[in-house]
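One structure below.
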Amino acid sequence: MTSKKDIASKLQQLRDTISLHNYRYYVLDAPEIPDAEYDRLLRELQTLESAYPELITPDSPSQRVGAAPLKEFAEVTHAVPMLSLNNAFNDQEVEDFDRRVRERSGVSEVVYTAEPKLDGLAISLVYENAVLVRGATRGDGYSGEDVTQNIRTIHSVPLRLLGAAVPRRIEIRGEVIMTKQGFAKLNQDQQHKQEKIFANPRNAAAGSLRQLDPRITAARPLVFYAYGIGEIAANELSRQHSDMLKHLQSYGLRVSPDIQVVTGLQGCIEYYHYIANKRDALEYAIDGVVYKVDDLQLQESLGFVSRAPRWALAHKFPAQEEMTRVLAIDIQVGRTGTLTPVARLEPVFVGGVTVTNATLHNQDEIERKDVRVGDTVIVRRAGDVIPEVASVVLSQRPGDTVLFKMPAQCPVCGSQVIRLENEAAARCSGGLFCAAQRKQAIKHFAGRRAMDIEGLGEKLIDQLVDTGMIHDSADLYLLGFEQIAGLERMGDKSAQNLLDALQKSKSTTLPRFLFALGIRQVGESTAKALALYFGKLAPIMQADVIMLQQVPDVGPVVAQSIASFFAEPHNRGVIEKLRHCGIHWPDIEVTARAPLPLKGKTFVITGSLVSMGREAVKERLEALGAKVSGSVSKKTDYVIVGVDPGSKASKAQELGIPILEEAKLLALLNPGND
Ligand code: IVH
């Protein structure tokens with residue numbers, strides 16, 4: 001029989017092993033065993049502990065989450081106040097700081113520890129006999145909230161410090177942050193669950209730590225980085241701040257790997273630029289760097305003034321988020337026809353530049369953030385990316401805000417705006433006609449795999465469009481020698497070459513021509529499939545979405561895009577012009593049509609059909625693979641409605657089943673007809 005003592009020692013062994021692997025995984029980022037093995041060890045511990053609950057210790061890895069939700073957080077007083085830092089916003093202020101330190105200390109060149117200024121929230125951890133006994137927020141610096149049970153859920157916070165030489169009682173200070181990656185993932189999940197979206201990683205970390213239910217905190221990707229100590233006199237441990245950080249590291253705490261020891265003002269400024277350049281690549285958000293006098297005795301002699309130490313300084317990056325007002329929401333039409341709503345802002349200085357516009361991405365984003373004209377918003381600029389509206393300051397919303405609505409017509413060309421299923425973006429269907437899309441479309445048209453107009457490059461197209469010499473691709477074929485030769489950097493010889501290339505391109509193939517039109521979702525292979533299925537251009541232009549879906553690999557999204565393109569009168573006009581200019585191709589004999597294009601589709605016929613009897617229609621449909629049923633149900637795909645339809649037509653409408661009138665039915669049955 002196993003004695004209680006053996007069990008206790010087995011438990012201790014398991015706890016130590018798990019803690020070690022936890023440390024390797026969450027602090028060192030260097031796991032040694034597979035996740036499954038870790039889980040197995042943890043389960044073994046839990047099983048044994050549930051048999052001997054009296055042997056559970058508070059530092060057991062099984063005890064990270066376990067406490068019941070609180071009603072409220074208790075208040076704790078900080079034995080040593082958690083003060084804040086003085087800020088510097090430019091090099092001059094850093095120079096002043098360094099000079100004051102030198103003058104007060106009499107040291108001619110000061111050594112500093114330079115650290116990233118993590119953008120999370122300050123936390124104090126108290127360890128007694130190496131065991132975590134309390135975790136608290138900074139609060140007002142003198143007293144904060146006891147968030148111990150939430151802190152325990154953070155895996156990079158050791159429940160027991162490593163090593164033998166840990167002071168009997170030590171208070172470790174640092175920042176709880178959410179990694180950028182964790183933050184993005186959390187917001188994704190939150191959006192999915194239709195729950196609160198956080199404006200930035202700091203808010204997300206703060207919100208996560210203020211949960212009364214530790215299970216919620218446990219599910220959030222929080223990380224603790226240590227940067228100092230509170231309650232014990234630091235110089236009991238080391239003589240230098242940088243050395244003290246090494247001690248903390250040896251206790252099993254995470255310390256930023258980007259900390260450096262630097263010398264003098266110049267060392268500080270160099271570090272600032274080094275980190276600024278590295279900023280986007282760091283796993284956590286930072287808002288500047290912190291310089292701390294490295295010599296702890298010197299720190300002590302410098303002391304504090306009001307609420308900040310004389311021995312430290314935060315050198316902040318220019319703000320990346322600012323508040324301003326939305327004056328209007330305009331639409332920008334991109335090169336591929338995407339309509340992007342853009343907030344016109346009261347000019348505001350963010351992250352070193354004046355921002356007057358910020359992207360709102362798309363309609364869904366506007367609704368999610370509930371941004372309205374007249375709102376006060378937070379504008380964010382991250383690195384080189386386009387500024388965006390991060391969130392609305394609802395408390396400052398005036399009574400007369402205006403809701404944004406995506407226009408039904410393209411503001412550039414007036415064509416219909418469409419939004420395809422499963423796509424966030426709204427797009428202008430103007431295609432070849434829309435000014436904003438013209439250049440791109442013409443470039444595509446002239447491309448090697450499309451009309452293959454040799455010598456018609458990007459610069460030339462820009463010039464032709466900008467000078468108004470061409471409006472669409474058909475205009476290319478109307479250009480005269482004199483016009484071309486008159487362009488910048490264009491000699492007689494190149495002008496003639498271009499004319500020859502244009503002439504040559506007129507003789508093409510149907511797949512190339514279809515691809516050249518630049519219909520969204522229609523790449524080379526879809527163009528080929530369409531050409532092979534229909535053989536000629538006219539039936540493709542007339543086909544509705546149902547017919548188009550008979551083409552191999554054409555689904556509802558592609559079919560919709562093709563139908564919308566050809567429904568646009570401008571596009572039809574350009575095509576006619578092109579053919580008029582002499583673009584031609586041989587028709588294709590239709591042989592490759594799928595044998596049973598209507599396979600799996602169920603039809604119901606109601607009313608009488610003029611051109612053919614119901615029985616004949618039924619036969620034809622069945623010959624194409626369809627099933628024809630007598631009654632309308634949810635399983636019906638299409639209802640064919642003739643003259644004097646019965647109740648089946650209204651039932652179809654009720655159920656939202658597509659209705660085919662006779663003309664469309666005929667087109668479906670005879671797709672090859674011109
Ligand atoms: S030292 C007395 N070091 O900045 C010195 N603070 O503006 C106390 N912070 O409340 C702080 N990174 O939340 C220190 N490497 C770092 C820091 C850091 C971020 C935060 C901390 C503090 C605030 C002061």
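Every number for a ligand or one of its atoms is a count from 1 in the order of the listing.
Side-chain contact check for Phe404 versus Met406: some heavy-atom pair is nearer than 4.5 Å.
For Lys292, the heavy-atom gap to ligand 1 drops under 4.0 angstrom. Ligand 1 has at least one atom lying under 4.0 Å from a heavy atom of Pro116. Using a 4.0 angstrom heavy-atom cutoff, Gly228 does not count as in contact with ligand 1.
For ligand 1, the atoms closer than 4.0 angstrom to any heavy atom of Leu83 are 8 (C). Residue contact check: Glu115 has heavy atoms under 4.0 Å from atoms 3 (N), 15 (N), 16 (C) of ligand 1. Residue Arg138 has at least one heavy-atom neighbour below 4.0 Å for each of these atoms of ligand 1: 10 (O). Of all atoms in ligand 1, listed by their number and element, those nearer than 4.0 Å to a heavy atom of Pro309 are 2 (C).
Atom 13 (O) of ligand 1 has Glu175 OE1, 2.6 Å as its closest protein atom, hydrogens excluded (heavy atom only). Atom 4 (O) of ligand 1 has Lys117 NZ, 3.1 Å as its closest protein atom, hydrogens excluded (heavy atom only). The protein non-hydrogen atom at the shortest distance from atom 19 (C) of ligand 1 is Leu118 O, 3.2 Å. Annotation: atom 21 (C) of ligand 1 to nearest protein heavy atom, Tyr227 OH, 3.0 Å. Nearest protein heavy-atom contact of atom 5 (C) of ligand 1 is Leu85 CD2, 3.6 Å.
By the 4.0 Å N-to-carboxylate-O rule, Arg372 lies too far from Asp375 to be salt-bridged with it. Under 4.0 Å is where a charged nitrogen must lie from a carboxylate oxygen, and between Arg100 and Glu103 no such pair does.
The main-chain N or O of Ile259 is never found under 3.5 Å from a side-chain atom of Glu115 such that the two would form a donor-acceptor pair. No side-chain donor-acceptor contact under 3.5 Å links Thr376 to the backbone of Val393.
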Verdict with supporting geometry, Glu270 and Gln266, side-chain contact (heavy atoms from CB on, under 4.5 Å): CA-CA 6 Å; Glu270 275 169 17; Gln266 203 192 334; 2.9 Å; yes
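Considering every non-hydrogen atom in both Gln211 and Asn150, the closest pair reads O-ND2, 2.7 Å.
Other residues, nucleotides and ligands contribute more than 12 heavy atoms inside 6.0 Å of the CZ atom of Arg397.
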